[in-house]
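Every chain is numbered from 1 and lettered A, B, ... according to where its sequence line falls, protein lines coming before strand lines.
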There are 2 protein chains.
Amino acid sequence: MATTETLTAERILEATEEVLRRYGPAKATVVDVARALGVSHGSVYRHFRTKAALREAVTERWLRRTIDALRPYADAPGPADERLTGWLTALFALKREKAGGDPELMATFQVLIGENSAVVDRHEDHLVEQIAGILAAGHREGVFTVPEADLPATARAVFHATDRFHNPAHSAEWSAPDSGAAFAAVVTLVQRALKA
Amino acid sequence: MATTETLTAERILEATEEVLRRYGPAKATVVDVARALGVSHGSVYRHFRTKAALREAVTERWLRRTIDALRPYADAPGPADERLTGWLTALFALKREKAGGDPELMATFQVLIGENSAVVDRHEDHLVEQIAGILAAGHREGVFTVPEADLPATARAVFHATDRFHNPAHSAEWSAPDSGAAFAAVVTLVQRALKA
DNA sequence: GCGATGACAGATTTCAATATCTGTCATCAC
DNA sequence: GTGATGACAGATATTGAAATCTGTCATCGC
């Protein structure tokens, strides 16, 4: 009743994210979301079957934003080894910035991530695909010497090897003064492996 | 009063571990520990200034056991590259076995680990030292080509790159059917880097 | 007809009273 | 004298009654 705009899934997701931001994952309720939109909570249930589905959709939206922010680095011009370092650095910077800038929001999304492992798995697949794209280009360019058949497994290995620098479970460690050096050392290790 | 044995720090630690195992980290109290030993809780405070100090000591003991279990692999005979793979595999197997065999106990120690980051940092230093020892041997043998000056940073990078396979924060992922393959892929990556 | 509503049942959470725990210390037993 | 005890104060946790939330659905207004 507050506005005359149509109630869309998108508007509900936006309001849900705002409510999560304000109240945190433990206290955010569907009633809060409805109140923020000026509608009854029954209307929210018209667009999302359950509260869990709503939170899952918010999680998915948030993760997709990361994917989209990274795509330019995956598709950047230049040699593949530099692109890989650029992409990994961008991922680390993005996550570290989010964790440092608003630790509470980070904690909120960590809870959501824990609730929606299937969504997170798909997200990981997308990130690994971006890495795989860079590795394939590097293989064509002759910069990377990993056998072509191993590329998918290697892309995932690169993702896993850098886990500590993008997995939110480690966000507490990113504020350490030497985390940048530790990250650089792992990237160096990975680059050596790919060029071996 | 239950026994005539002397009350030692060691006996208290053993009882504390048992109480933690039985009740979990949230419900285990100093009174429980005293009860298990048949003494008053005041006597426990004679050996440990606070409950936090007691829990820290238990954490330290538990982590030291891991260090001791791994030392044979660090000091094993044979070429350094094989020793490194053996050591990493032993670490992963050890952690996975503990996590799979008794998930609740694992969750308990994850809580303790979260409470005692200083102890954990020292533990990590010990593990990194074992890796560094293997890398140094590999350098002498000519198996690893990493510059000698980089060895300490590289040892830590190897530890970080394999984080996902020994950090308890990831224990939920270790039961996945492809975790063994993912681990092998990362070890392969690390070996390629060291021999590059 | 179509999306929105709000009353409702059962599940979950909150809140305040009650109980237990942590850490101290004067006292006790040997 | 040494080490153990248990009463105590303040902090923390438990409990159960009351409030709120989730998810459904018959009904409403456009």
Side-chain angles (χ1 to χ4, degrees), chain A residues 1-60 104 107-108 110-112 114-116 119, chain B residues 1-60 104 107-108 110-112 114-116 119:
Chain A
M1 287 166 179
T3 84
T4 176
E5 272 180 85
T6 329
L7 186 63
T8 61
E10 186 61 23
R11 281 188 63 219
I12 293 173
L13 287 177
E14 219 143 300
T16 305
E17 205 170 314
E18 175 57 24
V19 167
L20 280 166
R21 198 184 302 269
R22 203 194 293 287
Y23 300 120
K27 292 214 187 159
T29 71
V30 176
V31 171
D32 289 330
V33 173
R35 200 171 11 240
L37 288 163
V39 300
S40 82
H41 74 281
S43 303
V44 174
Y45 279 98
R46 176 165 298 282
H47 291 84
F48 295 93
R49 276 208 314 284
T50 64
K51 183 188 186 181
L54 177 56
R55 288 165 77 117
E56 183 182 288
V58 168
T59 308
E60 202 164 11
E104 276 190 51
T108 293
Q110 245 172 281
V111 171
L112 293 190
E115 287 170 2
N116 296 286
V119 169
Chain B
M1 288 170 178
T3 85
T4 177
E5 272 180 83
T6 329
L7 186 62
T8 61
E10 186 61 21
R11 281 189 64 219
I12 293 173
L13 288 177
E14 218 143 301
T16 304
E17 206 171 315
E18 175 57 23
V19 167
L20 280 166
R21 198 184 300 270
R22 204 194 291 287
Y23 300 121
K27 293 213 185 158
T29 72
V30 176
V31 172
D32 290 330
V33 173
R35 198 169 15 235
L37 288 163
V39 300
S40 81
H41 73 282
S43 302
V44 173
Y45 279 97
R46 175 164 296 282
H47 291 85
F48 295 93
R49 278 207 313 286
T50 63
K51 183 188 186 182
L54 176 56
R55 288 165 77 115
E56 183 181 289
V58 168
T59 308
E60 202 164 12
E104 276 188 51
T108 294
Q110 243 173 282
V111 171
L112 293 190
E115 286 170 3
N116 297 284
V119 170

(message) Measure NZ/Lys27(A) against C1'/dC21(D) and give the value in whole Å, please.
(response) 14 Å
(request) With Leu20(A) as reference, evaluate Val111(A), Asp32(A), Thr108(A) under the side chain to side chain contact (heavy atoms under 4.5 Å, CB included) test and give the passing residue. (result) Thr108(A)
(request) Taking all heavy atoms of Leu7(B) and all of His47(B), pick out the closest pair and write down the distance. (result) O-NE2, 3.1 Å
(request) Take atom CZ of Arg35(A) and atom C1' of dG6(C), then tell me their distance rounded to the nearest Å. (result) 14 Å
(message) Output one letter per nucleotide in nucleotides 22-30 of chain C: B when a protein non-hydrogen atom lies under 4.0 Å from the base, S when only the sugar-phosphate is that close, - when neither is.
(response) BBB------
(message) What is the distance, to the nearest angstrom, from the OH atom on Tyr23(B) to the C1' atom on dT20(C)?
(response) 14 Å
(request) Could I get the full list of salt bridge (charged side-chain N to carboxylate O under 4.0 Å, His left out) partners for Glu18(B), not counting sequence neighbours? (result) Arg21(B), Arg22(B)
(request) Just compare dC21(C), dG6(D), dT5(C) and give me whichever is closest to any side-chain atom of Ser40(B). (result) dG6(D)
(request) Among residues two or more places apart or on two chains, list those pairs meeting side-chain hydrogen bond (donor to acceptor under 3.5 Å, both in side chains) that have a residue in residues 49-60 of chain B. (result) Arg55(B)-Glu115(B), Thr59(B)-Asn116(B), Glu60(B)-Arg122(B)
(message) Looking at every non-hydrogen atom in both residues, tell me the closest pair between Leu112(A) and Val58(A) and how far apart they are.
(response) CD1-CG1, 4.2 Å
(message) So, applying side chain to side chain contact (heavy atoms under 4.5 Å, CB included) with Val19(B), which one of Val31(B), Thr29(B), Val30(B), Val33(B) is it?
(response) Val33(B)
